[in-house]
Amino acid sequence: MLEALRTQDSGDTAIISTTPTTPTTPTTPIAPIAPEGATAAAAPGAAAVDAPGLDLSSLDLAAVEAAVRRAAADEIMPRFRQLAAEDIVEKNGPHDLVTVADRLAEEHLTAALTALLPGSRVVGEEAVHADPTVLDALHGDAPVWIVDPVDGTRQFVHGDPGFATLVALAHRGEVLASWTYAPALGLMAIARRGAGAELNGVPLHTGTPDPDAVLDVATSHYDFTNDDQKRVLAALETGGIAPRPCGSAGLEYLHIARGEIDATAFSWENAWDHAAGLLLVHEAGGASGTVAGQPFRIEGGNALPFTAARDAETARRILGLLAAAN
């Protein structure tokens, strides 16, 4: 039921951290996180649940998981380590790749997800590449599926199992549920707003870093950053922090939710890369925010870089360093 996924904080609340929840306990924002000198925004009231003429309460969430698994089984895994040269195309350069698996999996998911929720729209990475106006759906009243069919295409192309299919369901800028599926690793992580997060049916909890440990932080990969972004991210090359280039963004968020790494610092804002993972981290007890002291908005227009972290204190530390260098 999507009614149960919505909580009193909307997608436009101040930067917050959350604690893991049970299915009957709503998520409650705590003290805003903002870098020194930044002002946190006040939280507006919750948005209405139903878009005009649409009933969002009848969606079968288990059917969504099944659709994600089926798309991967039909379109992605048969092509893993089986790609021919003509199956791989450069989009915006040698590091920005798309494969036949990306395109067919997105088409599969677009048909399946809109059938499960009539009247919904899909914002998929490949559809946006073909027609940027597809992004306009993020500003509309219809429910939106945000899809990255193969997150970590470079890994997929090189036969590395570290890729994932990412799906998030959003309504009026608020992410309500997400699915992070790594088919080659056998991992399915699901988050529901206000109902916690789980991996293969086991609840996820970010925990907190050991105060004496060096923070493991995944950052935007240097192949995808310009000189100014590299300069800002270099602020994390300091005592007590060990930054490294990220792999699949979706799997880095899962690593945070599992307490395996401590934070991310990303300098790009594509909704399909971040919507699913940010909800996953928040519902596992983590925190996130941008260098402006604002929450990350899936519609775009964010102050960058931004972070997601295991806890509020780690997020504050990362944002403080990035804001000072910005």
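Looking at every heavy atom in both residues, Val122 comes nearest to Val134 through O-CG1, 3.6 Å. Between Thr114 and Thr110, the shortest heavy-atom contact is OG1-O, 2.6 Å.
Within the model, atoms OH of Tyr253 and OG of Ser178 stand 11.0 Å from one another, a figure rounded to the nearest 0.5 Å. Interatomic distance, Ile146 CD1 to Arg121 CZ, rounded to the nearest 0.5 Å: 12.5 Å. In this structure, CZ on Arg317 lies 5.0 Å from CG on Leu215, to the nearest 0.5 angstrom. To the nearest 0.5 Å, atom CG of residue Asn302 and atom OG1 of residue Thr290 are 6.5 Å apart. Between atom CZ of residue Phe266 and atom CZ of residue Phe296 there is a gap of 10.0 Å, rounded to the nearest 0.5 Å. In this structure, the separation between CD on Glu269 and CD on Glu299 is 10.0 Å, given to the nearest 0.5 Å.
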Q: Using the side chain to side chain contact (heavy atoms under 4.5 Å, CB included) rule, take Leu233 and Leu322 through it: C-alpha gap first, then chi angles, then the decisive distance, then the call.
A: CA-CA 7 Å; Leu233 292 171; Leu322 294 173; 4.2 Å; yes
Q.
Between Val123 and Ile298, does the side chain to side chain contact (heavy atoms under 4.5 Å, CB included) criterion hold? Intermediate values first, please.
A. CA-CA 11 Å; Val123 171; Ile298 61 170; over 6 Å; no
Q: Walk me through it: do Phe156 and Ile76 pass the test side chain to side chain contact (heavy atoms under 4.5 Å, CB included)?
A: CA-CA 9 Å; Phe156 180 73; Ile76 299 173; 3.6 Å; yes
Q: Tell me, with the steps shown, if Glu107 and Arg103 meet salt bridge (Lys or Arg N to Asp or Glu O under 4.0 Å).
A: CA-CA 6 Å; Glu107 291 173 6; Arg103 291 193 296 268; over 6 Å; no
**Q.** Chi angles and distances behind the side chain to side chain contact (heavy atoms under 4.5 Å, CB included) call for Leu104, Arg79
**A.** CA-CA 11 Å; Leu104 293 178; Arg79 296 176 172 89; 3.3 Å; yes
Q: Applying salt bridge (Lys or Arg N to Asp or Glu O under 4.0 Å), run through Glu174 and Arg172 and close with a yes or a no.
A: CA-CA 6 Å; Glu174 183 179 5; Arg172 295 172 178 164; over 6 Å; no
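Of the candidates Leu185, Asp151, Leu166, Leu251 forms a side chain to side chain contact (heavy atoms under 4.5 Å, CB included) with just one, namely Leu185.
Using a 3.5 Å distance cut-off with no hydrogens or angles, the side chains of Arg258 and His205 do not pair a donor with an acceptor. Of the N and O atoms on the side chains of Asp102 and Thr153, at least one donor lies less than 3.5 Å from an acceptor on the other residue. A donor-acceptor pair shorter than 3.5 Å can be found between the side chains of Thr314 and Asp311.
Between the side chain of Glu75 and the backbone N or O of Ala105, no donor-acceptor pair lies under 3.5 Å.
Ring orientation note: the planes of Trp145 and Trp179 are tilted relative to one another, at an angle of 30° to 60°.
Side-chain contact between Leu321 and Ile241 is present, with at least one heavy-atom pair separated by less than 4.5 Å. Side-chain contact between Arg154 and Phe163 is absent, with no heavy atoms from C-beta onward closer than 4.5 Å. Residues Ile318 and Val217 have side chains in contact (heavy-atom distance under 4.5 Å, counting atoms from C-beta outward).
One finds a salt bridge joining Arg244 and Glu252 here, because a Lys/Arg side-chain nitrogen approaches an Asp/Glu carboxylate oxygen to under 4.0 Å.
At a threshold of 4.5 Å between side-chain heavy atoms, the hydrophobic network of Ile, Leu, Val, Met, Phe, Trp and Tyr places Met188 and Leu169 in one connected group. Hydrophobic clustering keeps Val98 apart from Leu109 (ILVMFWY residues linked when any side-chain heavy atoms are closer than 4.5 Å, directly or through intermediates).
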